Amino acid sequence: METINSQKLLGAIEISAEIFEKIKKEAKNIADFKKRLEEYLSQKVSDIIDVLFAGAITLGASDIHIEPQEEQARLRVRLDGVLQDVLFFDLKIYHNLVSRIKLLSKVKLNVTDKPQDGRFSILINELPIEIRTSSLPSEYGESIVMRILNPKSLIGLEELGLRKDLYEIFKKEIQKPNGMIIVTGPTGSGKTTTLYAFLKKIQNPEIKIITIEDPIEYHLQGISQTQVAPEKGYDFSEGLRSIVRQDPDVILVGEIRDLETAKIALQAALTGHLVLSTLHTNDAAGTIPRLVDLGADTASIAPALNMAVAQRLVRKVCPKCSALSKPTAEEFKEIEKGLINLPKSIEVPKIDKDLKISKIKAGGCEHCNFTGYKGRKGLFEVFLIDNEVERFILTNPPISAVRDLVIKKGMITMYQAGLIDIILGETTLEEVKKIVGEE
């Protein structure tokens with residue numbers, strides 16, 4: 001992992017190695033984190049901030065929420081996609097914390113009636129971690145959310161936990177010299193992680209990769225990254241126009257939000273560039289109607305699009321306290337029915353009377369913060385554009401018709417991907433239903 005000298009990172013705060021190691025050793029779960037924080041609440045605000053970030057990063061939190069209430073403030077962290085209470089504290093401490101966070105984030109201290117966004121960096125053992133802050137006026141003061149962008153959460157294609165068939169598809173598609181790959185899903189579903197994994201896999205000195213992002217979440221060595229600045233007239237479409245003139249081989253567009261960006265991205269994909277981007281749709285089949293909704297022409301979409309991917313993140317069962325047991329008759333029936341038409345090429349354990357699936361322990365254990373789950377993994381559904389699908393796109397079909405066709409051609413749905421992970425003992429039926437729903 002690349003480190004950086006603290007002098008080079010202006011505006012960064014450095015958490016001492018001593019405090020970080022102490023918290024790392026003593027805050028193994030939320031309960032421990034709460035105790036450590038309570039010990040520091042009477043200290044100066046900079047010490048509270050140090051412990052707050054050291055604890056959140058040690059636990060692997062993605063976000064920190066500070067929410068004022070009528071008589072006290074509430075601190076929560078998001079772990080594995082789920083918000084968990086840490087502690088409630090005095091409003092005087094809350095006001096000091098908010099002032100300090102706003103100062104670090106370079107936003108206006110005297111503005112409390114409008115939303116503000118900022119960012120700053122923290123250094124832990126010379127590793128820079130970006131913190132993206134958002135303040136929002138609420139009934140009792142400003143609600144603060146801090147997104148932790150830890151470079152350690154950037155993983156390669158091999159670490160995405162892909163099925164063998166998916167890994168081979170991804171590896172082949174990202175090596176193509178042109179065309180578009182779109183990853184879809186809601187906010188927080190891991191789209192950026194997947195796209196960056198693609199970039200890490202294909203990056204080499206012989207190709208030029210340029211990104212346009214809002215904002216740049218993680219810094220990748222050897223890649224030219226640019227950030228939109230709408231206030232200066234530099235948005236996705238304007239940035240993309242400039243990027244195409246820079247002779248890139250691969251372009252990453254953070255998100256396709258409007259017709260202008262869609263048109264330029266599709267044109268770039270048709271003129272010798274590999275274009276990676278994201279869209280907000282519910283499933284892979286929704287990619288095509290969504291582009292049409294934005295105003296893109298099916299005659300451009302059909303030949304430009306190579307692959308559409310949809311993804312969600314499900315929590316994995318805790319390896320320390322979960323146990324394998326036989327599914328109930330109802331669970332067995334649901335799994336059997338969901339996987340009955342699985343293509344023969346997909347290798348899965350046999351679904352018979354000996355089948356065992358993971359069950360979480362009620363109340364969990366210290367290792368999983370008493371939730372029964374530890375860590376997350378992606379569920380993917382993927383379809384490729386072949387001649388038949390390309391011709392079908394030209395008819396401007398509805399989502400349901402696209403979905404029916406690609407399933408008929410062998411696409412594994414996210415729900416089926418979840419069922420496969422269930423029989424592999426990695427997650428639970430409850431978790432899959434909660435994240436993906438039922439089919």
Side-chain angles (χ1 to χ4, degrees), residues 9-15 19 23 27 30 33-34 36-124 128-150 186-188 192 213-217 227-232:
L9 208 59
L10 295 174
I13 61 166
E14 189 161 8
I15 296 178
I19 283 186
I23 300 301
I30 293 279
F33 181 31
K34 178 183 177 180
R36 299 292 80 82
L37 263 174
E38 284 173 337
E39 288 170 9
Y40 279 83
L41 287 181
S42 57
Q43 307 289 323
K44 57 187 186 200
V45 73
S46 57
D47 290 341
I48 301 173
I49 295 261
D50 283 359
V51 175
L52 176 61
F53 283 115
I57 290 162
T58 296
L59 291 175
S62 60
D63 303 85
I64 299 169
H65 292 240
I66 299 172
E67 301 154 332
Q69 298 180 345
E70 191 172 6
E71 294 177 356
Q72 55 190 348
R74 179 192 203 185
L75 173 68
R76 297 193 286 173
V77 294
R78 192 177 290 281
L79 290 177
D80 294 333
V82 178
L83 277 171
Q84 296 198 35
D85 276 328
V86 180
L87 84 163
F88 291 84
F89 55 95
D90 191 87
L91 285 175
K92 186 182 175 187
I93 296 168
Y94 156 79
H95 288 299
N96 290 337
L97 270 177
V98 169
S99 296
R100 176 71 174 149
I101 289 163
K102 287 175 78 172
L103 193 65
L104 288 168
S105 307
K106 298 180 180 64
V107 298
K108 294 173 182 173
L109 292 175
N110 60 344
V111 174
T112 58
D113 58 347
K114 290 179 186 171
Q116 293 191 87
D117 295 317
R119 61 192 298 148
F120 61 95
S121 300
I122 58 176
L123 285 169
I124 295 179
I129 296 174
E130 296 272 331
I131 308 296
R132 210 163 72 208
T133 62
S134 167
S135 70
L136 188 73
S138 65
E139 189 179 2
Y140 299 109
E142 291 174 276
S143 174
I144 303 285
V145 176
M146 292 175 283
R147 165 66 54 93
I148 300 168
L149 301 170
N150 190 340
T187 304
T192 303
E213 304 170 65
D214 181 23
I216 295 169
E217 293 194 4
Q227 184 167 311
V228 298
E231 69 282 358
K232 296 175 185 171

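None of the values given here were measured: they were computed from a predicted structure.
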* To do: Assess whether side chain to side chain contact (heavy atoms under 4.5 Å, CB included) is satisfied between Ile57 and Ile122, documenting all intermediate values.
  => CA-CA 11 Å; Ile57 290 162; Ile122 58 176; 3.5 Å; yes

* side chain to side chain contact (heavy atoms under 4.5 Å, CB included) between Val107 and Asp117, worked out -> CA-CA 7 Å; Val107 298; Asp117 295 317; over 6 Å; no

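- Taking 4.5 Å as the limit, some side-chain heavy atom of Pro137 sits within range of a side-chain heavy atom of Pro115.
- The two residues Ser99 and Leu109 have their closest heavy-atom pair at O-CD2, 3.4 Å.
- Arg74 and Asp85 are joined by a salt bridge, as a carboxylate oxygen and a charged side-chain nitrogen come within less than 4.0 angstrom of each other.
- The two atoms that bring Gln116 and Val111 nearest to each other are NE2-O, 3.2 Å, heavy atoms only.
- Within the 4.5 Å cutoff, side-chain heavy atoms of Ile30 are placed close to those of Val77.
- Here the CD1-CD distance, from Ile48 to Gln43, works out to 8.0 Å after rounding to the nearest 0.5 Å.
- Residues Val98 and Thr112 fail the side-chain proximity criterion, which asks for heavy atoms closer than 4.5 Å.
- The two residues Arg119 and Thr133 come nearest to each other via the heavy atoms N-OG1, 4.0 Å.
- Note: Arg132 CZ to Met146 CE = 13.5 Å, rounded to the nearest 0.5 Å.
- Not counting sequence neighbours, Ser62 has no partner by the side-chain hydrogen bond (donor to acceptor under 3.5 Å, both in side chains) test.
- The side-chain hydrogen bond (donor to acceptor under 3.5 Å, both in side chains) check on Lys102 picks up Glu142, with sequence neighbours excluded.
- Contact check for Leu91 versus Tyr140: no side-chain heavy atoms found under the 4.5 Å cut-off.
- Residues forming a salt bridge (Lys or Arg N to Asp or Glu O under 4.0 Å) with Asp63 (at least two apart in sequence, or on another chain): Arg147.
- A heavy-atom distance below 4.5 Å is not found between the side chains of Arg36 and Thr58.
- Residues Phe89 and Ile66 meet the side-chain proximity criterion, which asks for heavy atoms closer than 4.5 Å.
- Between the CG atom in Leu75 and the CG atom in Leu37 there is a gap of 6.5 Å [rounded to 0.5 Å].
- Once rounded to the nearest 0.5 Å, the distance linking CD1 of Ile216 with OG1 of Thr192 reads 12.5 Å.
- Between the CD1 atom in Ile148 and the CD1 atom in Ile64 there is a gap of 4.0 Å [rounded to 0.5 Å].
- Of all heavy-atom pairs between Ala73 and Tyr94, the closest is CB-CB, 3.7 Å.
- In the displayed structure, Glu139 atom CD is contacted under 6.0 Å by at most 12 heavy atoms of other residues, nucleotides or ligands.
- Put simply, the side chain of Tyr40 does not reach to within 4.5 Å of the side chain of Ile49, judged on heavy atoms.
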* Check against side chain to side chain contact (heavy atoms under 4.5 Å, CB included), Glu39 and Val51 -> CA-CA 10 Å; Glu39 288 170 9; Val51 175; over 6 Å; no

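- Once rounded to the nearest 0.5 Å, the distance linking CD1 of Ile124 with CD1 of Ile129 reads 4.5 Å.
- With Ser143 contributing its side chain and Leu136 its backbone, the two residues share no donor-acceptor pair below 3.5 Å.
- In plain terms, the two heavy atoms of Phe33 and Gly55 that are nearest each other are CE1-CA, 3.5 Å.
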